[in-house]
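Note that the structure is predicted; figures quoted are calculated from it, not measured. Residue numbering restarts at 1 for every chain, and letters A, B, ... go by the order of the sequence lines.
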Number of protein chains: 2
Amino acid sequence: MKQQRDTKQRRLVLDIVCAHSDHPSADQIYLDVRMADKKISRGTVYRNLKVLVRQGQILHVRLPTTDRYESRTDMHYHLLCVDCGAICDIPLLYNEKLDKQASLKTGYIIKRHRTIFEGVCPSCSTMKEQ
Amino acid sequence: MKQQRDTKQRRLVLDIVCAHSDHPSADQIYLDVRMADKKISRGTVYRNLKVLVRQGQILHVRLPTTDRYESRTDMHYHLLCVDCGAICDIPLLYNEKLDKQASLKTGYIIKRHRTIFEGVCPSCSTMKEQ
DNA sequence: ATGGGTGCAAAGTGTTTGCAAGTAT
DNA sequence: ATACTTGCAAACACTTTGCACCCAT
């Protein structure tokens, strides 16, 4: 891995991700970062998100329309409200045994799995009843 | 759900998806469909894939760069080779209990979950050894 | 005849990249 | 001094859409 430098842009991107608890998208991060520094470009935000993910400083969550980021870095699962698009962490343990089983059954070297639950959040479901 | 018609384009898209066992992308499907009918447009393929997914006739698999489709319609998990991009079904049972647990812990109405395993396939891993 | 479907091309999204200038080491 | 980073804008990849015409029902 090539040597990384400590730039104010990179620090700012990391800070913003850490300041969020709602799994912001690259663009939301960009907008926030812009409030602190009017000169930062989208490209820089995207590049730094990639570097931070590779370094393991932030986590990358793949979602339908846009990828999201978060500062919690232990493996865990996510829950998406298919109505309002809200996303949250889900209090279930990462199942490492699954990776072993999958490896045995397929012959692949399994690194991990990603699980996204899809459902309707409480506030969206009460809204529907009315 | 609005009334659907039976067009030769829609039938063709479904046939092509069924003829594949390798989780083709919309573009791969488009190219195949074009071999049978030179006039079909990308828009039509995308629109029909959407209709077929909504009707439950095909399954939609969300992957990093492009979405994929397959004719097997029961809930199951997928395995992606992060080196060559190949994707395959994985012989593990869909865990319905997880949805119940997630629902109890979060208060969401959980409809389903999607799990993607990430690893390196046998042929990519032997290639690396050399 | 009616309203869903099609082809086309243009417009969207979200993300990446080439380049010249800037800056951390 | 070196080579990683940046801002900018252009380019990308994938998907959606408006529109006028077409066709299954």
Side-chain angles (χ1 to χ4, degrees), chain A residues 1-17 20 22-55 57-70 80 82 85 87 116, chain B residues 1-17 23-55 57-70 80 82 85 87 116:
Chain A
M1 195 185 286
K2 83 181 166 185
Q3 167 73 12
Q4 307 290 350
R5 289 183 185 172
D6 178 32
T7 65
K8 86 171 188 304
Q9 290 88 338
R10 184 162 303 154
R11 242 176 297 126
L12 204 44
V13 170
L14 178 57
D15 287 351
I16 295 297
V17 175
H20 273 267
D22 61 342
H23 308 79
S25 65
D27 203 63
Q28 288 170 316
I29 295 162
Y30 166 72
L31 292 173
D32 273 22
V33 158
R34 287 286 280 202
M35 307 218 291
D37 179 345
K38 283 288 176 212
K39 296 236 195 59
I40 280 197
S41 71
R42 273 202 173 71
T44 295
V45 171
Y46 276 97
R47 280 184 289 232
N48 279 318
L49 286 170
K50 218 171 232 185
V51 170
L52 292 167
V53 167
R54 191 170 13 136
Q55 292 181 334
Q57 296 196 258
I58 62 177
L59 217 72
H60 171 210
V61 187
R62 295 188 203 294
L63 286 196
T65 37
T66 329
D67 286 357
R68 310 285 201 97
Y69 299 87
E70 71 175 317
L80 170 72
V82 294
I87 173 166
I116 308 276
Chain B
M1 195 186 288
K2 83 180 162 183
Q3 167 75 14
Q4 306 292 348
R5 291 183 185 175
D6 178 30
T7 65
K8 84 171 190 301
Q9 290 89 338
R10 184 164 301 155
R11 244 175 295 125
L12 205 43
V13 169
L14 177 57
D15 288 350
I16 294 296
V17 174
H23 308 80
S25 66
D27 203 62
Q28 290 171 315
I29 294 162
Y30 166 73
L31 292 173
D32 272 23
V33 158
R34 286 287 279 204
M35 308 221 288
D37 180 346
K38 284 287 175 212
K39 298 238 193 62
I40 280 196
S41 70
R42 272 203 173 72
T44 296
V45 170
Y46 276 98
R47 280 184 287 231
N48 279 317
L49 285 170
K50 218 171 230 183
V51 171
L52 292 168
V53 167
R54 191 169 16 138
Q55 293 182 334
Q57 297 197 257
I58 62 176
L59 218 72
H60 171 209
V61 187
R62 296 189 205 291
L63 286 196
T65 36
T66 328
D67 287 358
R68 311 286 201 97
Y69 299 88
E70 71 176 319
L80 170 71
V82 295
I87 172 166
I116 308 275

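Atom CD of B:Q9 is separated from atom C1' of C:dG7 by 9 Å (rounded to the nearest Å). Regarding B:K50, its NZ atom lies at a distance of 15 Å from the C1' atom of C:dG5, rounded to whole Å.
At a threshold of 4.0 Å, the pair A:D22-A:R68 does not count as salt-bridged, since none of the basic side-chain nitrogens sits closer than that to a carboxylate oxygen.
Residues meeting the ring pair (Phe, Tyr, Trp, His ring centres under 6.0 Å) test with B:H60, sequence neighbours left out: B:Y69. Qualifying side chain to side chain donor-acceptor pair (under 3.5 Å) partners for A:D15, counting only residues two or more places apart in sequence or in other chains: none.
Taking OG1 from B:T44 and CG from B:D37, the interatomic distance works out to 9.5 Å, rounded to the nearest 0.5 Å. For the atom pair A:I87 CD1 and A:L63 CG, the distance stands at 4.0 Å (nearest 0.5 Å). Residue B:D67 holds its CG atom at 10.0 Å from NZ of B:K50, rounded to the nearest 0.5 Å. Summarising the geometry, atom CG belonging to A:L49 is positioned 4.5 Å from atom CD1 belonging to A:I29; distances are rounded to the nearest 0.5 Å. Between the CD1 atom of A:I16 and the CZ atom of A:R34 there is a distance of 13.0 Å, given to the nearest 0.5 Å.
Looking only at side-chain heavy atoms (C-beta outward), B:K8 and B:R11 come within less than 4.5 Å of each other. Side-chain contact between B:R42 and B:V45 is absent, with no heavy-atom pair separated by less than 4.5 Å. Looking at A:T66 and A:D27, their side chains never come closer than 4.5 Å, going by heavy atoms from C-beta outward. Residues A:L52 and A:Q55 have side chains in contact (heavy-atom distance under 4.5 Å, counting atoms from C-beta outward). Using a 4.5 Å cut-off on side-chain heavy atoms (C-beta onward), B:V61 and B:I116 make contact.
On the nucleic acid side, DNA chain D contacts chain A at distances under 4.0 Å to non-hydrogen atoms, with the end points of that region at D:dT2 to D:dC8.
Within the nucleic acid shown, A:D27 has no heavy atom closer than 4.0 Å to any nucleic acid atom.
Shown for residues 31-39 of chain A: no residue has heavy atoms falling under 4.0 angstrom of DNA chain C.
The side chain of B:R10 places an N or O atom within less than 4.0 Å of a non-bridging phosphate oxygen (OP1 or OP2) of C:dG5. Listed pair B:T44 / C:dG7 meets the phosphate criterion, a side-chain N or O lying under 4.0 Å from OP1 or OP2.
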Restricting to nitrogen or oxygen on both sides, can you table the protein-nucleotides 9-14 of chain C pairs closer than 3.5 Å?
none

Can you give one letter per nucleotide of nucleotides 18-25 of chain C, going 5' to 3': B for a protein heavy atom under 4.0 Å from the base, S for sugar-phosphate only, - for none?
B----BBS
